[in-house]
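Right, one structure below, let's go through it.
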There are 2 protein chains.
Amino acid sequence: MDDKKIRTMEDFAEVSGISRPTLSKYFQDPESVRQSTRDRIETALDSYDYRPNIFAMNQNRKLTRTIGIVVPYLTDPVFGEIARTIEQQCLIAGFRAALFSSHGDRESEIEALESLRSLRPSGVLLSPLGRFSDRDYIASFCESVPTVIFDRDMEGVGEAFVGSDNRSFVNQSVEYLTRTGEPPCFFEMKNPSNPNSIARRENYKKTMESLGLEPVIVQVDGSGWEFERIGYEGGLKALDERAFPTNTVLCSNDRLAIGFLAACYERGLRVGRGSGHALRVAGHDDHPQSRFSCPSLTTVAHEYDKLSEAAVQQLFDLIESGGRFGERRVTLFPARLTLRSSA
Amino acid sequence: MDDKKIRTMEDFAEVSGISRPTLSKYFQDPESVRQSTRDRIETALDSYDYRPNIFAMNQNRKLTRTIGIVVPYLTDPVFGEIARTIEQQCLIAGFRAALFSSHGDRESEIEALESLRSLRPSGVLLSPLGRFSDRDYIASFCESVPTVIFDRDMEGVGEAFVGSDNRSFVNQSVEYLTRTGEPPCFFEMKNPSNPNSIARRENYKKTMESLGLEPVIVQVDGSGWEFERIGYEGGLKALDERAFPTNTVLCSNDRLAIGFLAACYERGLRVGRGSGHALRVAGHDDHPQSRFSCPSLTTVAHEYDKLSEAAVQQLFDLIESGGRFGERRVTLFPARLTLRSSA
DNA sequence: CAAAAAACTTTCCGCGCGGAAAGTTTTGAG
DNA sequence: CTCAAAACTTTCCGCGCGGAAAGTTTTTTG
């Protein structure tokens, strides 16, 4: 371990007895050199502890082996979880990950992508804000950087989209709820920024109509990312106004549902199925907290692992295809109904 | 906007009529050139849309103007929130932010720091895992990179620590609970990885003893980061075993408390103060969800903003001091008791 | 074992910028 | 208006690595 003054690849070439260009090849892809050479390099490597200068590398390389990850709101544990999964898969594949959050804000989203662009990433995994995104900017970004959109779609933008099948989500929840009790009312924000929310509302309508039932949509005010608060305050108001004609409430997402459950608790309404309960409540997304709400929340779960894996895989495909697919690829994952106590 | 072939600073010098070295100065610090020159550059800048190559810049610069942020578990909204705040303050100060999560794992923490080291950041804000951290590695990292430790301390490591005063936290909660009802039992994980947890337990003991009361500590099994689950499962067990001699439970942190509340709900125990309630429950941290638990959780709040701000400020001081303070600086923030319905 | 292929070495240049040195222009205080 | 200080320009070199070209060695194939 006499790591004296091995600062450059030249230095390391000298002490390891391998020529600099071969070392260069090795550091870009260890598989690209002969096994015997690789062994010699790796032996020297743990004697001298040298690491190539990342800036000098990326300055000249075409592919920087960096993957950008942009999520709309990192504080939401769902995105935290997704980011975590994706990051680890990138690392395993030998890429570095650069993580950015849009903080729910249009300008921040642009800033993140701008930072990312200057990093010249091999590819980007982007979950856009949705309605608040600067569509034109993002479209032009996707033109210059291989980008896969995930979780929330932006139609026509990017070479691929990987997300959940909102139809499957709502079908399952509505079907279950109507089969086991009164038909559900749909509880949501008036102006959701999330395209998934809009798709879910439309699918709720369609599903109800196809069942010959009257859709009832209860919309509450509120903007921003404090969904629990919005669900809580809007829930109190809706309950007090008796806005729900049936005893079953299907929330657009779990965070809203958790807020709504807090409102029910506040008003002394017992939530759950069976006698002795005033209301049934269900959500969508299987938020990590929904397992520990009171009562635990019946919801429809994403397969986060599969989604993350597929998104990463699509991006790697895209990178290998030189940044272009023939046509936009869309991968949707079905949902899994998760029964708990609330409905 | 004829941004044709302005790829290098040389190109931009030509079209802007400013010499390359002056441009170089400008991009490192706009204040370092004369106002009139700055105006000329900025005028040219929005005509030609040039941005210096970040890799070429950082290759030669001493300070990369990058701040590394490492948190133990990004999926925890508390850290998400802190990371968000810190990131924005760095951006305002003209630094880029590189965000990493240790994912609760020793190896990942080392990997994050290793990645960071190769980025040659101006400074690093690190919230270590705690008991699971490789103390020696982190200490040596702090030797080579200006580092401020925050939120959870690692004694003697890093040039500065910014966090919360756990004594103040526990003092306030214990004092309030004893004053308004039966004295609290302390509910926690058996082997907390978080140094804050350990400090809180010790302070609970001391505070109780100083009040002439017998401390009662209920420890539950479980490891990892699923605190709600641990609180829920351990809570069920403890309730069934009648492990709490008083009707008041003080949880080491809010996530544990949220799990415990779910256990209480499951067992049909009404939580809250006043008659008609079986149990009082309180937590620490003011987790974003604790406002919407059932019932809403009485807790002791961090001043996240101040903490983040102070951590960033300390780091900037440290960077300006050339990476060394005379002696280790410790900044602690007191807590703010936040009364809600649960106690 | 010979010939072809693969892997390696040597040499050279370039990437886009930082920074030093020396000379020139601009600024502002008296 | 004068002159020194401040700000700028010109010129040059270096950072650490990527990558091409041409030559040499090793491995593979029949």
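Since the structure is predicted, the reported quantities are computational estimates derived from the model, not experimental observations. To find a chain, count down the sequence lines: A is the first, B the second, and so on, and within it residues start at 1.
- Rounded to an integer number of Å, the gap from B/Arg51 CZ to C/dC17 C1' is 16 Å.
- At whole-Å resolution of the value, CZ in A/Arg61 and P in C/dG16 are 16 Å apart.
- Between the CZ atom of B/Arg65 and the C1' atom of C/dC17 there is a distance of 17 Å, given to the nearest Å.
- Note on A/Tyr26: nothing from the nucleic acid sits closer than 4.0 angstrom, heavy atoms only.
- In this structure A/Phe12 satisfies the ring pair (Phe, Tyr, Trp, His ring centres under 6.0 Å) test together with A/Tyr50, sequence neighbours excluded.
- Residues forming a ring pair (Phe, Tyr, Trp, His ring centres under 6.0 Å) with B/Tyr304 (at least two apart in sequence, or on another chain): B/His302.
- Contacts between residues 52-60 of chain B and DNA chain D, defined by a heavy-atom separation under 4.0 Å, are made by B/Gln59, B/Asn60.
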For residues 93-107 of chain B, tabulate all N or O donor-acceptor pairs below 3.5 Å that involve a side-chain atom, not counting sequence neighbours.
residue	atom	partner	partner atom	Å
B/Ser101	OG	B/Leu74	N	3.3
B/Ser101	OG	B/His103	N	3.0
B/Ser101	OG	B/His103	ND1	3.1
B/Asp105	OD2	B/Glu107	N	3.3
B/Asp105	OD2	B/Ser108	N	2.9
B/Asp105	OD2	B/Ser108	OG	3.0
B/Arg106	NH1	B/Phe132	O	3.1

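- Rounded to whole angstrom, the span from the CD atom of A/Glu14 across to the C1' atom of D/dC17 amounts to 17 Å.
- A/Arg120 has its CZ atom 13 Å from the C1' atom of D/dG18, to the nearest Å.
- Look at A/Ser24 and you'll find a side-chain N or O under 4.0 angstrom from OP1 or OP2 of D/dG18.
- Every residue two or more places apart in sequence or in another chain was checked for a salt bridge (charged side-chain N to carboxylate O under 4.0 Å, His left out) with A/Glu111, and none qualifies.
- Screening residues 51-94 of chain A for ring-ring contact (aromatic ring centres under 6.0 Å, His included), with sequence neighbours left out, gives A/Tyr73-A/Trp225.
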Scoring nucleotides 4-12 of chain D by protein non-hydrogen atoms under 4.0 Å (B base, S sugar-phosphate only, - none) yields ---SSBBBB

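- With sequence neighbours left out, the ring pair (Phe, Tyr, Trp, His ring centres under 6.0 Å) criterion links A/Phe141 to no other residue.
- Applying the side-chain hydrogen bond (donor to acceptor under 3.5 Å, both in side chains) rule to pairs touching residues 143-152 of chain A yields A/Arg117-A/Ser144, A/Glu143-A/Arg324, sequence neighbours excluded.
- Between the side chains of A/Glu31 and A/Tyr26, no donor-acceptor pair is found at a separation under 3.5 Å.
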